[in-house]
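Note sheet for the following structure.
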Amino acid sequence: MSVVILVLRKNNSICTLRGCCWNPQNDTSVPWCFFPSNHGYKVDGSLRSTETGFEATLTRLPSPSLFGNDINTVLLTGEYQTSNRFRFKITDPNTKRFEVPHEHVGPFNGSAASNLNYKVEVKNNPFGIVVTRVSNGKVLFDTSIGPLQYADQFLQLSIKLPSRNIYGVGEHVHKQYRHDVNWKTWPMFSRDIGPSGSMHNLYGVQTFFLCLEDSSGASFGVFLMNSNAMVQPAPAVTYRTIGGILDFYILLGNTPEQVVQEYLQLVGLPLLPSYWSLGFQLSRWNYGSLDEVKKVVERNRLIDLPYDAQITDIDYMENRKDFTYDKVLFKDLPTFASYLHGFGKKYIIILSKQVWVNESDGITPLIGEVWPGRTVFPDYTNPDCTSWWVEEYKCLSNSVCILDKLMFSKTLCMDAVQKWGKHYDVHSLYGYSMAISTNEAIKTVFPGKRSFLISRSTFVGSGKHTGHWLGDNAATWEHIKWAIPGMLEFNLFGIPYIGADICGFFDDTTEELCRRWMQVGAFYPFSRNHNAEGYIPQDPAVFGADSVLVKTSKHYLNIRYTLLPYLYTLFYKAHTQGDTVVRPVLHEFYSDEVTWEVDRQFLWGPGLLISAVLDPGVDVIQAYIPDAVWYEYETGAKISIRKQWTDLYLPADKMGLHLRGGYIYPTQQPAPTTSESRKNPMGLIIALDDDNKTTLQMNVINNGYVDPNNLKFEEIKILGVLQEITGLTVTQNNDLQPSLHNITYYPSDKIISNLELGKSYTLKWTQQASINERFDCYPNQNSTKEKCEQLGCVWEQSPSNPDSPSCYYNSDNAYSVDGVEYSSSGLVANLTLNSTNARANDKYTEPIGTLRLEVKYHSNHMLQFKIYDYQNARYEVPVPLNLPSSPVNTNENLLYEVSVQRKPFGIQVRRKSTGTVIWDSQLPTFTFSDMFIQISTRLASQYIYGFGETEHTMFRRNMSWHTWGMFTRDQAPTYKLNSYGYQPFYMALEEDGNAHGVLLLNSNAMDVTFQPTPALTYRTIGGILDFYMVLGPTPELVVQEYTELIGRPVMPPYWSLGFQLCRYGYRNDSEISQLVEEMKAANIPYDVQYVDIDHMERQLDFTLGARFQGLPALINKIKEEGMRFIIILDPTISGNETDYPTFSRGVEDDVFIKWPNTNDIIYSKVWPFLPNVTVNESLPEQTQIRLYGAHAAFPDFLRNSTVEWWKREILEFYDNPRNKSLSVKFDGLWIDMNEPATFYNGALEGCRDDLLNYPPYIPHLGFRSDGLIVKTPCMEGEQHLPDGTPVRHYDVHMRFAYGVWCSERSLVFTNAPGFAAGSILVTFLLSSLLLISPVVQARWEEPEQGRAGEGTVGVCRSELKLCFRCCSAIKAFCCWSQAEKN
């Protein structure tokens, strides 16, 4: 038994007896008893040169013995084996001592190397050996720190090191990759003890450590061909061993990776695993029966889990005896492998060692107690044992058709005898020798093929024969973390096929732990889910086919299988030159001192950075992004962060994967097994670095294998291309090759080209700035080269595409992100302006320095992202949306995922089910100023629908550089001219047919530009950016979700679905009466008759002209005959009347829009004519208005007082309190001119605020050069929200019509609808078909006639579960179904 022994700490007398120094310390970890300078050895004589280096005799200095049996004379031998490798060993020249009989590390037969990178100095008295790096004179290895001790069963040597950056030595659980040098002792003696937080010696012995000297990357390694070590501060290492010799190797490299390569060239390069063994594997101890194993296989097959191998533990054996199987519970085992092979899967079994090592007499087999009971132990150091093992393996293989896996038990008596020597000396070589024997068996059973071998116990050089797993861990969060340092260390040791039991071996796992472990375990080189008997099953499918665990496991295993060609390439490099596969970040970024301690992230080779969640209840982790170009694996997006810690938001189904620029990654389309995936087309991901360069070395190993699938690299994806790829050439040996390829610059960033596997090619591409990638830097009028360049943009006209912008951005947007705070319901972040990139024409377009971003996950299918100035309040649209009071979502059911790009700022929204990016705003256009806000997004396809109101020639938007303005205006439908309404909503189809919708809740003048990128740019001149996105995923669901947000469309009265008749220009009521009779006589279906403004006296609302005095009686008559009647109202009110209650009461109630900070009403001209004038009706209409038009005031429908005033005027017109015979019993109201419209631009005396009426940026509207006031009032007009807050008409212009129909709270047809109007609004394209109805019917029967606000208007049928409910705020009646109410 091996025990690490410290010089005694707390016994002064014993310390003095041994001739040592006693000095008690407050720190109990520091030795109190330590050696003086007169202990150790001295050089006897001088150094003697040899062919390989030198030798010297060392004599023990007089001093008390520590443990007796001191060897007084020893031989020092030094060998300059290579320019980077120095060996020295200390042996007993008189008595042969045990030396490890290693297949690679043995006697050196060469001559001394020249051009050494190290210098060796031997100190004489006391003896010490010092190794220095020649290039800088730095001392690397100095044994003079402590005395050499050399006794029969106690050998010790201490080494002073140049830094604290010490990595390696095993096998133990190291909680961190870089050693804690605060007096830690690490025993090394192979033993069956599971991983724990203690410093126990575990299954194997690895005596190698690496020391990173400094930020230059210069490193060296120390390897002792023996065992047992201690680490202590100084920094220093003390090796103690209880037998053998001291046999040290010092290996130099310019980088840590070079040191590992030097070490593995010495001890043996690792095996190249079979391709299928890189697939995912399932296992557990004690399935109970073969039937249960099959159930596990089937349920994981049914969920399409990528899964290559099924393993059974010792429970398949008869009484747990090797080379047997249970004929009852596993009776069909001989055919089970064929069953798996039918699905393209492999079968692996366990073998244990319990089948004889002899006792100390060298003859009698040693008896022990293991799984079957009394057992003997094979001596794998004996060649005869290897032959026997091969034959037994063949015999079992012939009957069961298996592959192999190994596991070991406790240990044997130290006086047992083996072929290589006493078990005392060879104990830690047992697993190593067994792996060699088993590998021979595999070669016999599978001649010419690479199979699979995994061993729990390892020794120096085991990686040539076997992989390793980190032992019997537990389902705890500590163990998921500790697995990463373990994997990193075994890559140092030359055993890169390494992994931990995913989800934990002992204890019941939890869904969260297993989910996170499946994510990170998908990137273990040896990826296996394995657990012990007596605990709950933990294969992925057992958690449910639709569980988040299954979905995320499949997702990341599919990424693993996609990248298997890259992983296999890394193993090839490990096999041929000693590279690491799982690599610590410091190996690539050693000049960055932060990386020296990074051990919760790891790399695959030099390029794939893996950052996983390793703590419970966490969805944000601190990840270090090293100093390189990095791309998000799943999006291809280049991230701006480098050489700093950052927060990664990783919800339940996500982990961090980043590709490093400057490398090429071979890929292959994944499948549920490697036997299937290897038939699929291959690809390359080319990730460009800062210099747009990449490297790849990929070798094809044939080994007699002929590819039956004629595989080609069909997809080549290039990340980081800043310009469009316009041409591609492929050459082989400088000969141009014909290559059919299709180039797609965005969104897939790919070149497709058929390149045959196994051949060497050179790809060259040409690229230029794509016109489609131009984003307009000067969207205002009259752009010139001078104006463009003043903004820091590029001017380049394109005669071939004149619609593309001549002035375009060539740099990133000026905002970056900091302070991101994530939660389950969204995120909050600050945006900061980088003033050096800011662009502005004046103070009103100067970007705001700090902004706030809020993202809210309102439901599984809807999210909101909002950008605003949190330091200065800005106008926000006060339209009530139907939002949950608190988010109603579950992470696993969210249809989307959101990421924030930090520098430059951008938001990316991705559909989780397909990975399609449906919003990506990391573009140069983003700016946010007082009077100009702009944001662009890439689109998922060219299929975009919506935005209005303008006349479009087709339903789908034309993406070829078209800009559409949105600003309500009395404009008849005309191509490209903004018209009556305002609808900033679009629906988009994705390439796979999914659909989503986006609403920008902003009521300022706006335009949107579509370009063939495909991309969309919003520009608005005020307010904030407040986006709502619904995810469908079908077009119809998008509409449903959108109307759920803004309000469901009105249920029109049944009669309103009938035919309706109207015209502008009826001469009198008799003409209408005659028309009705003629329509009836012709038997034409006909429900509704209208009357336009002709019925009014001088176009005054709520009046009857002299020619229409019979209209009330006519209306009553046709209603008795079953028809309905609609009248028109315009919102503007004449102010030139002496007896016009509507105006005078309006003034009294303060309902009109006024000049700011005054009590003066803003007047313009619309319909009402002046009183007491004779109108020449033969003149053109516009001339009549100019000559005879009255002063028209505009009601402010945002005010509460206006709501009451307007309602009263309508009710009194319906039921005239002064003359009942003049009551107009209409069935609906038609409102017009509510954009609001004028026949003058602005006001009669002109507008007063040029900045608002002619802002710095005027969107692409009709008559753009005339400003915003074309056919509408002045923008500085002051209105008031219901709470009394004053607002500018500039901000609420688009809400005028919304206010009109909100005042009615009834069924509305209007020519100026706004978003969220759908709950009571139906839109037609012509102003002659606009309806408001105060009576909403929800039944077939005739409703009772009633007065709005005074009683029941209709009776709903109870069996339809419909009811009328009073909206108390406005005293109107509506009809809802109970379902709608809920």
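The chain is numbered in sequence order, starting from 1.
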For this session: Under the salt bridge (Lys or Arg N to Asp or Glu O under 4.0 Å) rule, what do D615 and R600 come out as? Steps first, then yes or no, please.
Result: CA-CA 11 Å; D615 291 292; R600 295 185 67 167; 2.3 Å; yes

Do the charged groups of [X] and [Y] touch, with an N to O distance under 4.0 Å?
X	Y	result
E634	K654	yes
K175	E478	no
R528	D501	yes
R902	D818	no

Keeping [X] on the side-chain end and [Y] on the backbone end, is there a donor-acceptor pair under 3.5 Å?
X	Y	result
T466	L453	yes
Q601	Y624	yes
S591	S216	no
N529	Q538	yes
H468	S455	yes
K573	T569	no
T552	L549	no
H179	H174	no
Y633	L609	no
S462	F459	yes

Establish, yes or no, whether a centroid distance under 6.0 Å links the rings of [X] and [Y].
X	Y	answer
F490	F493	yes
Y649	Y822	yes
Y663	Y631	no
Y263	F208	yes
F86	Y249	no
W604	F523	yes
F505	H530	yes
Y118	F220	no

Problem set entry | T207/V169 under side-chain contact (heavy atoms from CB on, under 4.5 Å): CA gap, chis, key distance, verdict | CA-CA 5 Å; T207 59; V169 177; over 6 Å; no

Going by heavy atoms in the side chains, are [X] and [Y] under 4.5 Å from each other?
X	Y	answer
E512	P616	yes
Q258	Q261	yes
S527	R560	yes
P306	P670	no
L488	N491	no
Y239	L246	no
D579	V260	no
V620	L648	no

Problem set entry | Lys/Arg cation over aromatic W630: R642, 6.0 Å, 45° cone | no

For this session: Check the pair L251 / Q265 against side-chain contact (heavy atoms from CB on, under 4.5 Å), numbers first and verdict last.
Result: CA-CA 11 Å; L251 309 109; Q265 291 291 340; over 6 Å; no

Measuring from [X]:[atom1] to [Y]:[atom2], what's the distance to the nearest 0.5 Å?
X	Y	atom1	atom2	value
I159	L140	CD1	CG	11.5 Å
K717	L659	NZ	CG	9.5 Å
I559	T667	CD1	OG1	12.0 Å
L492	E257	CG	CD	9.0 Å
D472	F506	CG	CZ	4.5 Å
L252	S83	CG	OG	9.0 Å

Exercise. Between S158 and T238, does a side chain to side chain donor-acceptor pair (under 3.5 Å) hold up when you go through it step by step?
Worked result: CA-CA 4 Å; S158 296; T238 295; 2.7 Å; yes

Problem set entry | Test side-chain contact (heavy atoms from CB on, under 4.5 Å) applied to N226 and D247, step by step | CA-CA 7 Å; N226 206 293; D247 192 0; over 6 Å; no

Problem set entry | Residues in side chain to side chain donor-acceptor pair (under 3.5 Å) contact with Y524, at least two apart in sequence or another chain |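 Checked Y524 against side chain to side chain donor-acceptor pair (under 3.5 Å); matches are W517.
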
For this session: Tell me, with the steps shown, if S163 and E213 meet side chain to side chain donor-acceptor pair (under 3.5 Å).
Result: CA-CA 6 Å; S163 86; E213 299 163 32; over 6 Å; no

Nearest heavy-atom pair of [X] and [Y]: which atoms, and what distance?
X	Y	answer
A236	I145	CB-CD1, 3.7 Å
V581	P496	CG2-CB, 3.6 Å
M655	I610	CE-CG2, 3.5 Å
G279	Y561	CA-OH, 3.3 Å
L278	P525	CD2-O, 4.2 Å

For this session: For the pair Y275 and Y568, name the ring-plane relationship: parallel under 30°, tilted 30 to 60°, perpendicular over 60°.
Result: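 Ring orientation of Y275 relative to Y568: perpendicular.
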
Exercise. Going by the angle between their ring planes, with limits at 30° and 60°, are F88 and F141 parallel, tilted or perpendicular?
Worked result: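 It falls in the perpendicular class, over 60°.
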
Problem set entry | With D214, the salt bridge (Lys or Arg N to Asp or Glu O under 4.0 Å) member among K138, R133, R164 | K138

For this session: In sequence, state the C-alpha distance, the side-chain angles, and the governing distance for R85 and T82, and then conclude on side chain to side chain donor-acceptor pair (under 3.5 Å).
Result: CA-CA 5 Å; R85 185 170 80 219; T82 72; 4.9 Å; no

For this session: Would you kindly say whether E262 and N84 are connected by a side-chain donor-acceptor distance under 3.5 Å?
Result: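 Looking only at side-chain atoms, N84 and E262 do form a donor-acceptor pair, the distance falling under 3.5 Å.
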
For this session: Output, in order, the C-alpha distance, side-chain angles, deciding distance and verdict of side chain to side chain donor-acceptor pair (under 3.5 Å) for D308 and Q281.
Result: CA-CA 6 Å; D308 258 88; Q281 304 175 25; over 6 Å; no

For this session: Check the pair W482, L470 against side-chain contact (heavy atoms from CB on, under 4.5 Å), reporting the backbone distance first and the verdict last.
Result: CA-CA 10 Å; W482 298 342; L470 293 172; over 6 Å; no

